[in-house]
Amino acid sequence: MPKALVVYCSRTGGTLKIAELVAGGLRFDSAETVLKDSKNIKNKNDLAGYGIYAFGSPAYHGEMLQAMKTFLFLAEKAGLV
């Protein structure tokens, strides 16, 4: 069974609801799925061991939230494929 990580960043809860739907779809497709707020991922080791990744962030004035930008810099260092 593949392992999936769904990482979200949300201010009002809308993106969290969408992330929960994505996670539910992955679980329905038999993936062992973990849902995490981007603020709770502190180092690149937190991203290890997953075969599927999904990231989501709202956009305000055409920009994603700073917490997601910070997370993406960390993900880049993890060398995800």
Side-chain angles (χ1 to χ4, degrees):
M1 176 184 325
K3 286 184 71 177
L5 176 64
V6 178
V7 180
Y8 69 91
C9 186
S10 188
R11 284 181 44 186
T12 63
T15 305
L16 170 58
K17 289 178 185 176
I18 293 170
E20 289 170 340
L21 291 171
V22 170
L26 288 163
R27 288 183 187 116
F28 182 78
D29 202 31
S30 300
E32 181 183 332
T33 305
V34 175
L35 181 68
K36 288 189 177 184
D37 188 319
S38 63
K39 296 174 197 165
N40 295 332
I41 297 178
K42 302 298 183 192
N43 62 60
K44 65 182 182 179
N45 294 332
D46 293 338
L47 301 172
Y50 297 96
I52 300 168
Y53 297 92
F55 308 141
S57 174
Y60 292 98
H61 304 288
E63 296 284 329
M64 70 180 82
L65 295 182
Q66 184 59 47
M68 182 55 74
K69 288 180 185 179
T70 301
F71 163 74
L72 289 175
F73 284 121
L74 176 71
E76 182 179 35
K77 292 178 184 177
L80 304 180
V81 289

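We're numbering straight along the sequence, starting at 1.
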Between the side chain of K39 and the main-chain N/O of K36, is any donor-acceptor distance below 3.5 Å? no
Would you say L5 ends up clustered with F71 if hydrophobic residues are merged whenever their side chains have heavy atoms under 4.5 Å apart, either directly or through other cluster members? yes
Residues pairing under side-chain hydrogen bond (donor to acceptor under 3.5 Å, both in side chains) where one sits in residues 45-67, two or more places apart or in two chains, turn out to be E63-K69, Q66-T70
Where V7 and D37 come nearest, the two heavy atoms and their spacing: CG1-C, 4.5 Å
Taking every heavy atom of T33 against every heavy atom of R27, the minimum-distance pair comes out as O-NH2, 3.2 Å
What one should report as the nearest heavy-atom pair of I52 and P2 is CD1-CB, 4.1 Å
V22 and L35: CA distance, side-chain angles, deciding distance, side-chain contact (heavy atoms from CB on, under 4.5 Å) verdict: CA-CA 9 Å; V22 170; L35 181 68; over 6 Å; no
Do E20 and L16 make a side-chain contact, defined as non-hydrogen atoms from C-beta onward lying under 4.5 Å apart? yes
Is it the case that over 12 heavy atoms from other parts of the model lie below 6.0 angstrom from the NZ atom of K3? yes
Hydrophobic clusters here meaning ILVMFWY residues chained together by side-chain heavy-atom distances under 4.5 Å, can you tell me if V34 and M68 are in one? yes
Minimal non-hydrogen separation, S30 against M1, with atom names: O-CG, 2.7 Å
Measure the spacing between OG1 of T12 and NZ of K17 and express it to the nearest 0.5 Å. 8.0 Å
Do L65 and P58 touch side chain to side chain, with heavy atoms closer than 4.5 Å? yes
